[in-house]
Amino acid sequence: MDFQSVKPAVGVGRKIYIETYGCQMNVVDSETVMAIMAVDGFGRADDLRSADVVLLNTCSIREGAEQRIWNRLDELAALKRRRPGMVLGLIGCMAERLAERIVAERPAVDIVAGPDAYRSLPVLVGEAVAGGRGVNVELSKEETYAEISPVRLDTAGVSAFVAIMRGCNNFCSYCVVPYTRGRERSREPETILREVRELFDAGYREVTLLGQNVNSYSFGEVDFPELLRCVAEISPLLRVRFATSHPKDISDRLLETMAAASNICRAIHLPAQSGSSSVLERMNRRYTREWYLDRIAAIRRAMPDAAISTDIIAGFCGETPEEHAETLSLMREVGYEFAFMFKYSEREGTLAARTMADDVPDGVKTARLEEIIALQNELSLESNRRDVGREFEILVEGTSKRSDDKVFGRTSQNKVVVISRGDHRPGDYVRVRVTDCSSATLQGVEI
Ligand code: 5AD
Ligand code: SF4
């Protein structure tokens, strides 16, 4: 063999640092990128200062998410002027959406790679090291990074996200994701099960199966309830969660599967977005308020102890005071445990941006959002108060933020409980009784 012709891998001697913005899927993507880079010899930098390659894994979901990244790019461009050898890359949704503009307006950026282009990152870094710029924002109909086991960046080693599908076909009229992440595709079940088994063997005790709409998972004969059942069978000591469910697709079979396995967590994230059927129609959500409430009733029948959380958008196109009031009444009627709440942010290229006026004034959006947040705080507090005196099993995740003498864990319902440290370690299951609460956390004692 002619050793002279074997080029050393581009990563040898180089360290990489990734900053992740946006959703849980981006967290997995960053871990997948780390795994891809490791094959080419890249090491992991503990901080920005020791990195040869800095990647920002970006989000486009709202204008504010992108604005943060433009600002961060300015800071990193300044850093790069002091460290000319540093390679700076933008990856993820904003890279996909705004590649041309980024290349034109930010000369400090060496690499631009979209969510389906991560296998080419080592090559793109090679181009950057050679003095060029590497750009790949091609979307794929097949890429699922199926066989790649992500390098976990969270060192606690208790809970991991596992991507089971990519992309989205729903085209909610406000949402940029189908444009930045492309068409929906499911990952081969065998590779998912293998990854989860490896995580369990490495000491992980919780996995969250991720997709934009996990209920439409489909690979050969395997649908989502079947996949969930197989994952839960790996071990009774493994907790299984999933996100996100689309209300139009959440089936009774899924609820039966959950109810039959005690290690599938009693928590369902079911984004309503609005409580008004007319707004839901404009959002192209393809369900009505009545349908949504019927699904909530089905969840309660199957699992009376399930926690239900949601996403709400305030001030969507044409939203009237009456329609907003319907959102508040839906929230009360469901009694959500938890919610992510946002002001509508128009995204270029979406159906709403093309065909509807973003006509709710910003001040009105803010006022409506504040009402929604205030109501949710009340609902969360009420829900937490109901838990005082009750017993739960928690999975310990780490030290409490407030006190070194305490640890925190989550209930099956995904609520955080803080207890005395004792000799509990991350990954332990502990039975607790809840003694007190705020709207955000529960306090408990071991029983
Ligand atoms: N404006 C505001 N919120 C949005 N979301 C998605 N797109 C937008 C937008 N254009 C919210 C939805 C979604 C969550 C991930 O982000 O509530 O469920
Ligand atoms: Fe995740 Fe959506 Fe943000 Fe992309 S745009 S990172 S899919 S939240």
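Bear in mind the structure is a predicted one, so any value in this text is a computation, not a measurement. Here, residue 1 is the first one in the sequence, and each next residue gets the next number. Counting convention: from 1, in listed order, for ligands and their atoms alike.
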Compute the shortest N/O to N/O distance between Arg62 and ligand 1 and return yes if it is under 3.5 Å, no if not. yes
Should the ring pair Phe340 and Phe338 be called parallel, tilted or perpendicular, given that the plane angle runs from 0 to 90° and is split at 30 and 60? perpendicular
Closest protein heavy atom to atom 3 (Fe) of ligand 2, given as residue, atom name and distance to 0.1 Å: Cys59 SG, 2.4 Å
Do any nitrogen or oxygen atoms of Tyr344 lie less than 3.5 angstrom from nitrogen or oxygen atoms of ligand 1? no
Within less than 2.8 Å of atom 4 (Fe) of ligand 2, any N, O or S from Cys93? yes
Heavy-atom contact under 4.0 Å between Lys343 and ligand 1? yes
Report the nearest protein non-hydrogen atom to atom 1 (Fe) of ligand 2: residue, atom name, distance rounded to 0.1 Å. Cys23 SG, 2.2 Å
Is there a donor in the side chain of Asp47 and an acceptor in the side chain of Ser50, or the other way round, less than 3.5 Å apart? yes
Could you check atom 7 (S) of ligand 2 against the protein and tell me its nearest heavy-atom contact, residue, atom and distance included? Arg181 NE, 3.1 Å
Is it the case that atom CD in Gln67 sees more than 12 heavy atoms from other parts of the structure closer than 6.0 Å? yes
Can you tell me the protein heavy atom closest to atom 2 (Fe) of ligand 2 and the distance? Val177 CG2, 3.1 Å
The closest protein heavy-atom partner of atom 6 (S) of ligand 2 is Asn26 ND2, 3.3 Å
I'd like to know if Gly92 contacts ligand 2, where contact means a heavy-atom distance under 4.0 Å to any ligand atom. no
Proximal atoms of ligand 1 relative to Ile313 (non-hydrogen, under 4.0 Å): 3 (N), 4 (C), 5 (N), 12 (C), 17 (O)
Between Glu281 and Ser277, do the side chains contain a donor N or O and an acceptor N or O under 3.5 Å apart? no
If we number the atoms of ligand 1 from 1 as shown, the ones under 4.0 Å from a heavy atom of Arg347 are 10 (N)
For the pair Tyr287 and His246, name the ring-plane relationship: parallel under 30°, tilted 30 to 60°, perpendicular over 60°. perpendicular
